[in-house]
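Since this is a predicted model, take the numbers as computed values, not measurements. Position 1 is the first residue of the sequence, and the numbers go up from there. One-based numbering, in listed order, for ligands and for the atoms of each.
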Amino acid sequence: MAYSYDNENIFARILRGEIPNDTVLETEHSLAFHDINPQAPVHVLVIPKGPYVTYDHFAGTASSGEIVDFTRAVGMVCAQMEVTPGAGNAGYRIIANNGSDAVQEVPHLHVHVLGGRLLGRMLPVFA
Ligand code: AMP
């Protein structure tokens with residue numbers, strides 16, 4: 001599978017500092033920032049700094065260091081935003097939209113961390 005990365009996508013521009021972002025967390029290989037159009041009281045995007053289009057692209061080609069860093073960054077964001085289940089927190093959902101069927105708008109891998117309200121079922125039930 002060949003992946004074609006668009007260097008002008010909006011998250012690439014954020015990573016280059018061309019567009020501002022509301023940073024939650026930055027690590028060696030990852031950046032987390034508030035979604036500009038939040039769907040829940042907590043809505044943070046976590047992205048790898050490398051040029052990966054989708055989760056499968058990242059999982060298949062990123063270094064172990066990048067994968068560990070990204071996975072830990074998602075967990076740190078959940079803790080920092082106080083949505084981890086237990087101890088008074090009620091939980092969260094992580095979503096990564098990949099490709100056109102999933103309506104991925106920005107072609108740079110990102111995980112949505114959503115929480116702070118009851119999120120309902122994962123997907124609408126189709127009749
Ligand atoms: P997706 O449909 O999974 O590709 O989601 C893309 C997300 O990026 C949406 O939730 C947008 O609100 C969000 N988004 C787009 N531009 C920005 C931006 N400049 N800063 C923060 N979030 C953004």
Side-chain angles (χ1 to χ4, degrees):
M1 171 73 196
Y3 297 94
S4 170
Y5 183 79
D6 170 14
N7 279 310
E8 295 308 316
N9 81 75
I10 196 143
F11 294 168
R13 297 188 65 201
I14 284 176
L15 286 166
R16 289 198 296 269
E18 295 168 7
I19 293 176
N21 75 92
D22 189 359
T23 299
V24 170
L25 176 84
E26 182 168 8
T27 63
E28 181 181 3
H29 294 296
S30 309
L31 179 69
F33 51 90
H34 290 283
D35 195 291
I36 205 167
N37 183 23
Q39 305 297 309
V42 173
H43 189 171
V44 175
L45 302 175
V46 190
I47 68 173
K49 291 181 177 175
Y52 303 103
V53 182
T54 56
Y55 196 93
D56 51 286
H57 184 198
F58 180 69
T61 62
S63 68
S64 298
E66 288 173 291
I67 291 170
V68 169
D69 180 295
F70 184 70
T71 304
R72 292 209 193 285
V74 172
M76 285 189 282
V77 165
C78 295
Q80 193 171 319
M81 300 309 294
E82 301 183 330
V83 291
T84 50
N89 303 323
Y92 60 91
R93 178 171 295 152
I94 57 176
I95 298 172
N97 296 314
N98 302 276
S100 55
D101 266 5
V103 197
Q104 180 179 6
E105 293 174 3
V106 180
H108 181 115
L109 171 62
H110 49 285
V111 166
H112 299 253
V113 177
L114 296 149
R117 68 166 171 82
L118 179 62
L119 296 164
R121 290 188 180 276
M122 184 173 69
L123 293 171
V125 178
F126 292 100

task: Give a yes or no on this: more than 12 heavy atoms of other residues, nucleotides or ligands lie within 6.0 Å of atom CZ of Arg72.
output: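 Open: at most 12 neighbouring heavy atoms sit under 6.0 Å from CZ of Arg72.
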
task: Each residue besides Val68 in its hydrophobic cluster should be listed here, by chain and number; the cluster joins Ile, Leu, Val, Met, Phe, Trp and Tyr at side-chain heavy-atom distances under 4.5 Å.
output: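 When side chains under 4.5 Å apart are linked, Val68 ends up in no cluster with other residues.
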
field: ring-ring contact (aromatic ring centres under 6.0 Å, His included) partners of His29, counting only residues at least two apart
entry: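 Once residues adjacent in sequence are excluded, His29 has no partner under the ring-ring contact (aromatic ring centres under 6.0 Å, His included) criterion.
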
Under 3.5 Å, which donor-acceptor pairs do the side chains of residues 76-87 form with other protein atoms, sequence neighbours left out?
| residue | atom | partner | partner atom | Å |
| --- | --- | --- | --- | --- |
| Gln80 | NE2 | Val24 | O | 2.8 |

task: Assess the side chains of His57 and Tyr5: does a donor N or O sit below 3.5 Å from an acceptor N or O?
output: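 On atom types as modelled, these side chains do not qualify, holding no pair under 3.5 Å.
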
Atom pairs and distances, ligand 1 N/O vs protein N/O under 3.5 Å:
| residue | atom | partner | partner atom | Å |
| --- | --- | --- | --- | --- |
| ligand 1 | 2 (O) | Val103 | O | 3.2 |
| ligand 1 | 2 (O) | Glu105 | N | 3.4 |
| ligand 1 | 3 (O) | Asn97 | ND2 | 2.9 |
| ligand 1 | 3 (O) | His110 | NE2 | 2.8 |
| ligand 1 | 3 (O) | His112 | NE2 | 2.8 |
| ligand 1 | 4 (O) | Glu105 | N | 2.6 |
| ligand 1 | 4 (O) | Val106 | N | 3.1 |
| ligand 1 | 4 (O) | His110 | NE2 | 2.9 |
| ligand 1 | 5 (O) | His110 | NE2 | 3.2 |
| ligand 1 | 5 (O) | His112 | NE2 | 3.4 |
| ligand 1 | 10 (O) | Asp35 | OD1 | 3.3 |
| ligand 1 | 10 (O) | Asp35 | OD2 | 2.5 |
| ligand 1 | 12 (O) | Asp35 | OD1 | 2.6 |
| ligand 1 | 22 (N) | Ile36 | N | 3.1 |

query: Could you give the distance from NE2 (His43) to CZ (Phe33), rounded to the nearest 0.5 Å?
result: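 If I round to the nearest 0.5 Å, the distance is 10.0 Å.
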
